[in-house]
Participant: 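Sharing a structure below in structure tokens format, with a few things to ask.
Note on naming: letters A, B, ... go to the chains in the order of the sequence lines (proteins, then strands), and numbering restarts at 1 for each one. For the numbers below, each heavy atom of this structure counts, side chains included, while hydrogens, waters and symmetry mates do not.
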There are 2 protein chains.
Amino acid sequence: MTINDVAQAAGVSVSTVSKVVNARYGVAPSTMERVLQVISELGYETSLVASSLRSSRTNIIGILVAEFEPFALELLNGISATLRGTQYDLMAYAGNLAPGGRAGWEHRSLSRLGGTLIDGAIIVTPTVEIPHSSVPVIAIDPHAGTSGPAAIDVDNFGGAKTATEHLISLGHRRIGHIKGRSDLKSAHLRESGYRQALQDAGISYDPQLVHDGDYQRDLAAIAATDLLTLPQPPTAIFAANDLSALSAIETAKSLGLNVPNDLSVIGFDDIPEAAQSKPTLSTVRQPMHEMGATAVTLLLSMLAGEEVTQPAQMPASLIPRESTATAPQP
Amino acid sequence: MTINDVAQAAGVSVSTVSKVVNARYGVAPSTMERVLQVISELGYETSLVASSLRSSRTNIIGILVAEFEPFALELLNGISATLRGTQYDLMAYAGNLAPGGRAGWEHRSLSRLGGTLIDGAIIVTPTVEIPHSSVPVIAIDPHAGTSGPAAIDVDNFGGAKTATEHLISLGHRRIGHIKGRSDLKSAHLRESGYRQALQDAGISYDPQLVHDGDYQRDLAAIAATDLLTLPQPPTAIFAANDLSALSAIETAKSLGLNVPNDLSVIGFDDIPEAAQSKPTLSTVRQPMHEMGATAVTLLLSMLAGEEVTQPAQMPASLIPRESTATAPQP
DNA sequence: CTGTTAGCGCCTTCAA
DNA sequence: TTGAAGGCGCTAACAG
């Protein structure tokens, strides 16, 4: 079912059909009607691929992710809602599913789709490389410096500080931290926030209480075990992300500890699982919906020809749930 | 950055570059090395659009949705997880965001992407039309007959029956129902399940207790109001979906009723909001993750050349939460 | 108003 | 082993 079939069936040339499809001027009303008739009979739709190869505009916004995990999905939700009612369709592409090459998927996806298929891109990346591209790009959560394209992220430092202050306000003095991936800026910022909160409260920093969890479930479990089997274990743990926090809760349970009575745990992100765990997880929420919406807004202005370079920083907010409680009396 | 630039920089022809990129035989090792060198220097990636126009395989699975709402996003999650480790990438396309034409997006999206951009499609549709296509297609939740392509849906009848039985087991005898969209088969099946459960329990069917909610929030609110202002209002309501159920709870609250003490409410779907409402919503869960996984499995076998026509029906499971309780004593 | 022509970037015969 | 040529479906000049 190509434009050729339509042209043939209607007894006109392909260019005439193209004009009708794209509502160009210069087609006789009668011809137009006949062609439209044939089109609807045959159920013809113009091929996105072919037309995008030829013309530069597609009216499609691409969102590029490594894979569709909860964070990206929430973002997608906000993006989709914001895009509704505009002229743009949304195409989400996970370019890292195939086995092999983990690195550089941002560049690969952008090169493969950019320029032709999509008019602009929102790229969700936890890595450092943000390629420059022929189309406007917004990066969300680009754990990197402020170089490169317009970027959006959450206030990692402030959020971590808030989380730690929450624990302090509950009377905790011995507070552990499970760090995130050390090559990501967000991990450092979150650790800094933790240390700042301690310092502000006059609690001295104890390196023994900080272990590496790499934002991953299994490594976080090891870190939690190390922390909890210390001669003087912490009464509370701030984990750099929810995944680590949930893992820490599991570990505490397996060691016979009760959360939150024996140990308080707080995470970062507020992924959907956080609200459904037992006990439900106290955490610091990234406003993913709003981040998605902001990304769209910025991208649309870039597409409208405006210059956008200023990175946007979104606020993080404390979500106290069941996994944090007042410190046990010694 | 096209294949031409690479060819020029490497001092070879485009066809040679193409052969190198696609690992075809017939290129001298030295040439190959030089070309690869240039490719990595220039950061060249083959254009998805151009190559898909020329060759039929892209190793991309498309998932076509009207928009990215919670149901589709959960599905996406399951699909993405199942696709990991296979050779396929995932492209999700929302082809109905642009204002205007609501109907027929399935056909439009499939025509525009199928045949060239994607090797196969999973289409998430609540409407009746399921177009035939040039690529293998699996339909999820196609509230339609068994005609057309391979389809996956949930046991609507059994799930509705289970929900109603749950209310009956709590002592309710006067049970209202807020129906779904009458043009969708799922709505009829859910109503049938409700009536079957009543009949099995020896409770006579009262047409006054069944109102139309169209699966929509606002219409469900009207239906709920009508039900609750009846001379003899129901003590429990089974809503055809969670959206309607949440709306019914709102309505009940605004009428001064306490849920679940004065009125029990149960929904259908188990969307994420159900676990976070106050009170949390009892419901019947569609196994969206598993439905997505099943869709992928079926699609992969179709792509491998096997015939798949048998529709898959997934089980629905009761998720009792706070919004249902024993019937108030008269 | 309509049709012919020339590519968009790529892959695939087919000659050289 | 290499390159030239044709064409995938479509759009955009340009002639007629």
Participant: Measure CG/Leu117(B) against C1'/dC10(D) and give the value in whole Å, please.
Facilitator: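 Result: 14 Å.
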Participant: Taking the side chain of Thr31(A) as heavy atoms from C-beta outward, which of dC11(C), dC1(C), dG3(D) is closest to it?
Facilitator: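 Of all the options, the side chain of Thr31(A) is nearest to dC1(C).
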Participant: Classify Ser18(B) by what it touches in the nucleic acid, base, sugar-phosphate, or nothing, heavy-atom distance under 4.0 Å.
Facilitator: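 Answer is base: heavy atoms of Ser18(B) come under 4.0 Å of a base.
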Participant: Atom CZ of Arg57(B) and atom P of dC10(C): how far apart are they, to the nearest Å?
Facilitator: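 My rounded result for the distance is 20 Å.
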Participant: Just by modelled atom types, is the Gly43(B) backbone N or O under 3.5 Å from a matching donor or acceptor in the His107(A) side chain?
Facilitator: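 Pair found, side chain donor or acceptor close to backbone of Gly43(B).
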Participant: Within the pair Arg24(A) and dA12(D), is there a side-chain N or O less than 4.0 Å away from OP1 or OP2?
Facilitator: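 Affirmative; the distance criterion is met.
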Participant: Mark yes or no for a side-chain to base donor-acceptor pair under 3.5 Å between Arg54(B) and dG9(C), with no hydrogen or angle criteria applied.
Facilitator: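 Side chain to base: no pair present.
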Participant: Could you please name the option among dC8(C), dT4(C), dC10(D) that lies closest to any side-chain atom of Leu53(A)?
Facilitator: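 Ranking dC8(C), dT4(C), dC10(D) by closest atom to the Leu53(A) side chain puts dC8(C) first.
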Participant: Between Tyr44(A) and Asp5(A), do the side chains contain a donor N or O and an acceptor N or O under 3.5 Å apart?
Facilitator: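 No pair is found: no donor N or O on one side chain lies under 3.5 Å from an acceptor on the other.
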Participant: dT2(D), dG3(D), dC10(C): which one has an atom nearest the side-chain heavy atoms of Ile3(B)?
Facilitator: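 So the side chain of Ile3(B) is nearest to dC10(C).
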Participant: How is Val12(A) classified with respect to the nucleic acid when contacts are heavy atoms under 4.0 Å: base, sugar-phosphate, or nothing?
Facilitator: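 Touches sugar-phosphate only.
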Participant: Between atom OH in Tyr25(B) and atom P in dC11(C), what is the gap in whole Å?
Facilitator: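 Atom OH in Tyr25(B) sits about 17 Å away from atom P in dC11(C).
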Participant: Between atom CG in Asn4(B) and atom P in dG3(D), what is the gap in whole Å?
Facilitator: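 These atoms are roughly 13 Å apart.
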Participant: Are Ser13(A) and dG3(C) close enough that a side-chain N or O sits under 4.0 Å from OP1 or OP2?
Facilitator: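 Yes, Ser13(A) has a side-chain N/O under 4.0 Å of OP1/OP2 on dG3(C).
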Participant: Taking only the side-chain heavy atoms of Thr16(A) (C-beta and beyond), determine which of dC10(D), dA4(D), dG3(C) contains the nearest atom.
Facilitator: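 Out of dC10(D), dA4(D), dG3(C), the nucleotide with an atom closest to Thr16(A)'s side chain is dG3(C).
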Participant: Between dG9(C), dC11(C), dT4(C), which nucleotide has the shortest distance from any of its atoms to the side chain of Ser47(B)?
Facilitator: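 Among the listed nucleotides, the one closest to the side chain of Ser47(B) is dG9(C).
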Participant: Can you figure out which of dC1(C), dG3(D), dT2(D) approaches the side chain of Ala28(B) most closely?
Facilitator: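 Selected nucleotide (nearest to the side chain): dT2(D).
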Participant: Round to a whole Å and report the spacing from CD1 of Ile39(B) to C1' of dG9(C).
Facilitator: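 Rounding to the nearest Å, CD1 of Ile39(B) and C1' of dG9(C) are 14 Å apart.
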Participant: If you pin Lys19(B) and Thr116(B) to their nearest nucleotides in DNA chain D, which one's is more 5'?
Facilitator: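 Taking each residue's closest nucleotide, the earlier one in sequence belongs to Lys19(B).
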Participant: Given atom CD of Glu33(B) and atom C1' of dT1(D), what is their separation to the nearest angstrom?
Facilitator: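 Roughly 17 Å, once rounded to whole Å.
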Participant: Nearest-Å distance, CE (Met32(A)) to P (dT2(C))?
Facilitator: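 Taking CE of Met32(A) and P of dT2(C), I get 11 Å after rounding.
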Participant: Does the side chain of Ser18(A) come under 3.5 Å of the side chain of Ser15(A) through a donor N or O and an acceptor N or O?
Facilitator: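 Looking only at side-chain atoms, Ser15(A) and Ser18(A) do not form any donor-acceptor pair under 3.5 Å.
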Participant: Check every atom of dC1(C), dC10(C), dC11(C) against the side chain of Ala50(B) and return the nucleotide holding the closest atom.
Facilitator: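 Within the option list, the nearest is dC10(C).
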Participant: What is the distance, rounded to the nearest whole Å, between atom CD of Gln8(A) and atom P of dG3(C)?
Facilitator: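 Distance, rounded to whole Å: 13 Å.
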Participant: Could you tell me if Glu33(A) and Gln37(A) have a donor-acceptor pair between their side chains, going purely by distance under 3.5 Å?
Facilitator: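 Gln37(A) vs Glu33(A): no donor-acceptor pair found between side chains.
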Participant: Just checking, is any N or O donor in the side chain of Ser13(B) or Thr16(B) under 3.5 Å from an acceptor N or O on the other one?
Facilitator: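 Yes - a donor-acceptor pair under 3.5 Å links their side chains.
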Participant: Is Thr46(A) touching bases, backbone alone, or none of the nucleic acid, heavy atoms closer than 4.0 Å?
Facilitator: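 It contacts sugar-phosphate atoms only.
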Participant: dT11(D) phosphate, OP1 or OP2: any side-chain N/O from Asn22(A) under 4.0 angstrom?
Facilitator: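 Checking Asn22(A) against dT11(D): at least one side-chain N or O falls below 4.0 Å of OP1 or OP2.
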Participant: Ignoring hydrogens and angles, tell me if any N or O in the side chain of Asp119(B) forms a donor-acceptor pair with the backbone of Thr58(B) under 3.5 Å.
Facilitator: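 The answer is yes, because a donor-acceptor pair under 3.5 Å joins these two groups.
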